[in-house]
Amino acid sequence: MTHLERCTNTVLQDGICLELCDHKTTPSHHHCFFELVYVLKGRTLHTLENKKMVIHEGDYFLIDIDRTHSYDAVSEDEEFSIINCMFLPQFLDRALVHTHQFNDLINNFLIHFNYNSFESAPTQNIYHDSDKKVLFLMQQMLAEYDERYKEYMEVIRSYLSAAIIHLVRNVSKSGDDGRDITHYIKEYVANNYAQPITLTEICKNINFSLSNISIIFTKNAGMTFREYLQNVRMKKASEMLEKTDKTIAEIANLVGYSDPAFFYRLFRKTMNMTPQEYRKERKDRSQ
């Protein structure tokens with residue numbers, strides 16, 4: 001019996017299955033239950049239908065019933081672990097036994113959300129747990145599930161309800177001011193600045209419109225995405241100039257610029273000196 005088959009049997013029997021999982025690679029699959037996933041450590045490439053995205057520590061997301069997804073290792077040397085909560089809709093409320101999609105669950109659950117008020121489908125996005133509230137809820141559910149103390153299922157049900165509410169608040173039009181999204185974009189840049197990334201690409205990953213995300217990011221970051229990305233790259237380049245003996249061309253490539261001449265001009269404009277002058281000044285200062 002495969003791991004997925006064991007989990008499926010447990011969910012069908014108990015209504016829910018919680019586990020700590022460290023599988024870096026999981027073949028493409030789908031299932032007859034919802035799956036709430038929280039990334040505890042590391043990163044991996046997650047594919048949902050045809051949408052690919054690298055997920056990192058602190059990210060969480062919900063997979064809808066019968067949606068195909070998979071995991072592929074980014075690095076074999078990197079540790080990776082998640083908390084996986086698999087559940088049937090009737091675990092939350094017996095009246096939801098005939099519910100087959102997340103929008104039906106939200107519209108009919110005891111705590112109502114108007115699905116039509118969402119900016120995008122909650123099951124299409126990756127969210128970042130900047131305040132660790134969802135981590136607390138997931139850890140409490142896992143602990144209750146492992147210890148199986150009296151009435152533990154009722155406690156898990158309450159924590160799971162809170163986690164779902166927290167998730168859908170992220171995509172409600174009346175939700176927060178975009179700080180979670182801004183934090184996510186900054187972390188994405190920190191992990192991918194060496195790649196030719198664009199805000200358009202990020203918006204596709206999280207299923208938000210470019211115009212809305214551009215306004216939100218500029219408001220919260222105090223600068224445009226392009227300016228922020230450039231600042232991160234210049235800071236990384238400055239560190240390499242100071243701490244390594246790599247050539248200017250090598251550093252340009254390592255911070256995301258395939259054209260050394262363009263990098264040279266941009267560095268000079270940003271830092272008011274050439275890369276060579278910056279390196280020399282830093283070395284003279286340290287002597």
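Being a predicted model, the structure only gives us computed values, none of them experimental.
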Between [X] and [Y], what is the shortest heavy-atom contact and its length?
X    : Y    : answer
R233 : I197 : NH2-N, 4.2 Å
V11  : C17  : CG2-CB, 3.6 Å
L40  : E57  : O-CG, 3.2 Å
F263 : I251 : CZ-CG2, 4.2 Å
C85  : L18  : CB-CD2, 3.6 Å
Y71  : H46  : CE2-CD2, 3.5 Å

- Query: Of all residues at least two apart in sequence or in a different chain, which pass the ring-ring contact (aromatic ring centres under 6.0 Å, His included) check with F91?
  - Reply: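 Checked F91 against ring-ring contact (aromatic ring centres under 6.0 Å, His included); zero matches.
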- Message: Using the ring-ring contact (aromatic ring centres under 6.0 Å, His included) criterion, which residues pair with Y38? Sequence neighbours excluded.
- Response: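 Y38: no ring-ring contact (aromatic ring centres under 6.0 Å, His included) contacts found.
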- Message: Does anything in residues 146-155 form a side chain to side chain donor-acceptor pair (under 3.5 Å)? List the pairs, not counting sequence neighbours.
- Response: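 Residue pairs passing side chain to side chain donor-acceptor pair (under 3.5 Å), neighbours aside: Y145-R148, R148-Y152, E154-R157.
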- Message: Considering only residues two or more places apart or on different chains, which pairs with a residue in residues 236-252 satisfy side chain to side chain donor-acceptor pair (under 3.5 Å)?
- Response: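 Matches after skipping sequence neighbours: T247-E250.
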- State which residues pass side-chain contact (heavy atoms from CB on, under 4.5 Å) with K269; sequence neighbours excluded, sorted by chain then number.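 Once residues adjacent in sequence are excluded, K269 has no partner under the side-chain contact (heavy atoms from CB on, under 4.5 Å) criterion.
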- side-chain contact (heavy atoms from CB on, under 4.5 Å) involving R265 - partner list, sequence neighbours excluded: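 Expected list: A261, F262.
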So do [Y] and [X] actually touch side chain to side chain, heavy atoms under 4.5 Å?
X    : Y    : value
Y127 : L62  : no
T2   : H29  : no
H56  : V39  : no
F267 : L241 : yes
H128 : Y188 : no
Q230 : Y257 : yes
I16  : L88  : no
I213 : L199 : yes

- Task: Compute the ring centroids of F33 and F87, then answer whether they are less than 6.0 Å apart.
- Result: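 Between F87 and F33, which both carry aromatic rings, the centre distance is not below 6.0 Å.
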- Measure from the ring center of H30 to the ring center of H69 and say whether it is less than 6.0 Å.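 So the answer is no for these two rings.
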Atom [atom1] in [X], atom [atom2] in [Y]: separation rounded to 0.5 Å?
X    : Y    : atom1 : atom2 : result
N192 : L229 : CG    : CG    : 10.0 Å
T198 : R226 : OG1   : CZ    : 12.0 Å
N220 : I216 : CG    : CD1   : 7.5 Å
M138 : L160 : CE    : CG    : 8.0 Å

Using a 3.5 Å distance criterion without hydrogens, assess whether the side chain of [X] forms a donor-acceptor pair with backbone atoms of [Y].
X    : Y    : answer
D64  : F102 : yes
D129 : L135 : yes
T68  : E49  : no
H100 : H98  : yes

- Task: Pick out which of R282, K280, Q276 makes a side-chain hydrogen bond (donor to acceptor under 3.5 Å, both in side chains) with Y278.
- Result: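 Per the side-chain hydrogen bond (donor to acceptor under 3.5 Å, both in side chains) rule, the option paired with Y278 is R282, out of R282, K280, Q276.
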- Message: Quick check: is Y264 connected to L254 through a chain of hydrophobic side chains (ILVMFWY, heavy atoms under 4.5 Å apart)?
- Response: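 Result: no, two separate clusters.
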